[in-house]
Amino acid sequence: MSVSFAARFLRGRGSARLAAGTLVTGIVATTVLAGAGTATADGGDGTTPQRSGAVATIDGLKTYGAAVIHGPAGNTQVSAGLFEMSVEGGGMLQTYCVDIHTPTQQDAQYHETAWSGTSLGTNKNAGRILWILHHSYPQVNDLAALAKKAGVHGQLTEQDAAAGTQVAIWRHSDDVKVEALDPQAEQLADYLEKKARDKAEPKPSLTLDPPAVAGRPGERLGPVTVRTDAQTVTVSPPAYAATTGVRIVNDKGEPVTTAADGSKLYVEVPEDAAADTAEVTVQAATTVPVGRAFVSESRSQTQILAGSSESTVSATATATWAGEGAIPAVSARENCAKGGVDVTVANRGDAPFTFELAGTEYTVEAGASDTVTVPLNEDRPYDFTVVGTDGFEQRFTGVLDCRTRSAETGTTTQTLSGPTAPPVTTAVTDVNLAQTGASGITPWITGTAITLVVLGGAALVITRQRQNASGGDA
């Protein structure tokens, strides 16, 4: 899933009316809240994409063979293997998918995320998938040695190795009956599936913790801790730091331009600064850890990292300050175990902070913090603005993608057209989940889009009629 937010904090407007504006696209209209991302420092209303770790565009399936899914509706042939992604800012990634029945959208943009925000977060076999990644292709590129260890009879090609690895991953990620068509690939898949053992989730390539801090002018706001596998990261000051005197410093008050894993950063705000919000951005070049999850806002197949060149990674945190009253620091993260988003509000001011979230009013006392989990609909886009006291507004958007398609619909597959995989001896339905931009799929996409628009519009009309009848606010 992909998430983003935009925030603004304005003074001099008095207490704002506590109302929440909601825009939900899909078959069912519901009040929801988005996850965490980056905040706009200029107080604009637009959203910006989350920047935590690597951001990449998928280039397609590059090294692959064929596999067959065995389901109650029959057999379906699919392509199985390694995808490649181009990293924004430089670098290349290799990935396998962990959602066999969901198509990969052409040129979809992905971003790195924690397992907890994907189907891996609730999958007891996620650690076994990581073991497979570390013990097979491309991490193990001596194919002769891999074949010998796996007991593969015959030559193991790159295509066989990629297909066998993907099939083994699917058995753990989607709990489906799937086998590789090539005998060598199938032997490798059986070996990997049976030998896999639990491994701990890899750490992020780069993130800032917490993603939001707050305080008063004249103070050092923070700390924000750098978490990274890079040797060093570059720290960028807010865009308007030169004219406002806002600085990024360490715990000694010294200006910081570089940092490392575990470094604590602070935002130093002049005592006479007006209430505002600023960004702290860090960037590095590093290899992204194997096993990191990658998700897309376009409901493209969730991917898991199999290999990385040195790639550009970045992360952003926000700092909010005001001279008096409530001073909120709001952050959020997807929690697939609970089927929603955890929204955390910390109030660093001297007055209570009251806000409305998903139709309910909450108050966080001065110096306290609270976390609310907002349930969301699976695969539904959401767009929500939290409006609080003293003119605070924060908007969240995204798509919750916590379950594989097989977990949602059982073992029924969605048949799509695409390039034909190698022939098989049994009758199967051919589907290449890596190529959904082919002309044969266009009528299906168009028809589905029209249906969603009509049903979504009808749902909104019904919702408004009910609101008018009850006289209440959305």
Side-chain angles (χ1 to χ4, degrees), residues 1-6 34-42 44 46-62 82-98 104-115 117-118 138 202-208 211 226-239 258-259 261 279-318 333-334 396-399 401 434 436-437:
M1 99 199 50
S2 178
V3 294
S4 59
F5 77 75
T38 53
T40 57
D42 61 0
T47 59
T48 55
Q50 182 182 8
R51 303 286 181 176
S52 182
V55 176
T57 300
I58 198 159
D59 297 329
L61 196 60
K62 299 299 183 181
L82 268 177
F83 292 85
E84 289 185 3
M85 294 188 185
S86 299
V87 179
E88 185 177 294
M92 293 294 297
L93 307 177
Q94 291 178 302
T95 62
Y96 290 104
C97 89
V98 290
T104 297
Q105 306 300 330
Q106 187 175 6
D107 298 325
Q109 187 180 73
Y110 283 77
H111 70 86
E112 180 184 345
T113 192
W115 286 1
T118 73
K203 295 180 179 180
S205 63
L206 178 60
T207 190
L208 294 175
V226 178
R227 307 291 186 194
T228 184
D229 69 337
Q231 291 186 347
T232 184
V233 301
T234 301
V235 181
S236 300
T258 61
D261 183 46
E279 292 183 345
V280 179
T281 301
V282 295
Q283 189 176 75
T286 186
T287 55
V288 182
V290 170
R292 290 296 290 169
F294 280 79
V295 294
S296 172
E297 65 181 11
S298 61
R299 192 56 175 99
S300 189
Q301 280 177 327
T302 299
Q303 304 281 316
I304 190 166
L305 188 71
S308 167
S309 70
E310 184 172 83
S311 300
T312 300
V313 296
S314 61
T316 302
T318 60
R333 67 178 185 88
E334 296 84 358
F396 298 86
T397 65
V399 178
D401 184 6
T436 60

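The structure displayed is predicted, hence computed values, not measured ones.
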For Pro204, enumerate each residue passing the side-chain contact (heavy atoms from CB on, under 4.5 Å) test, keeping only those at least two apart in sequence or located in another chain.
Glu112, Thr207, Arg292
Out of curiosity, Leu206 CG to Asp229 CG, how far, rounded to the nearest 0.5 Å?
8.5 Å
Could you report the tightest heavy-atom contact between Ala285 and Ala230, atom names first, then the distance?
O-CB, 4.4 Å
Hey, are the side chains of Arg227 and Lys203 touching, using non-hydrogen atoms and a 4.5 Å cut-off?
no
Donor-acceptor under 3.5 Å (Ser205 side chain, Gly53 main chain)
no
Drop me the distance from Phe294's CZ to Ile58's CD1, to the nearest 0.5 angstrom.
10.5 Å
Under the side-chain contact (heavy atoms from CB on, under 4.5 Å) test, which residues partner Ala114, sequence neighbours left out?
Ser116, Glu201
Supply the atom-to-atom distance Gln231 CD to Thr286 OG1, rounded to the nearest 0.5 angstrom.
8.0 Å
Give the minimum heavy-atom separation between Pro138 and Tyr96, together with the two atoms involved.
CD-OH, 4.2 Å
Ser309 versus Met92, closest heavy-atom pair with distance:
OG-N, 2.8 Å
dist Thr118:OG1 -> Gln303:CD (nearest 0.5 Å) comes out at 11.5 Å
Between Asp261 and Val226 the two heavy atoms that sit nearest each other are OD1-O, 3.5 Å
Identify, with sequence neighbours excluded, every residue that meets side-chain contact (heavy atoms from CB on, under 4.5 Å) alongside Thr258.
Thr232
Main-chain N/O of Gln105 paired to Ser300 side chain as donor or acceptor, under 3.5 Å
yes
So do Val295 and His111 actually touch side chain to side chain, heavy atoms under 4.5 Å?
yes
If you round to the nearest 0.5 Å, how far is CD of Glu88 from CD of Gln109?
6.0 Å
Quick one: CG on Leu82 to OG1 on Thr95, what's the gap to the nearest 0.5 Å?
7.5 Å
Counting only N and O atoms by type, is there a donor-acceptor contact under 3.5 Å from the side chain of Tyr110 to the main-chain atoms of Ala293?
no
So among Val55, Thr287, Val87, which one has a side chain to side chain contact (heavy atoms under 4.5 Å, CB included) with Ser311?
Val87
Closest non-hydrogen atoms of Gln94 and Leu305, given as atom of the first, atom of the second and distance, are O-CD1, 3.4 Å
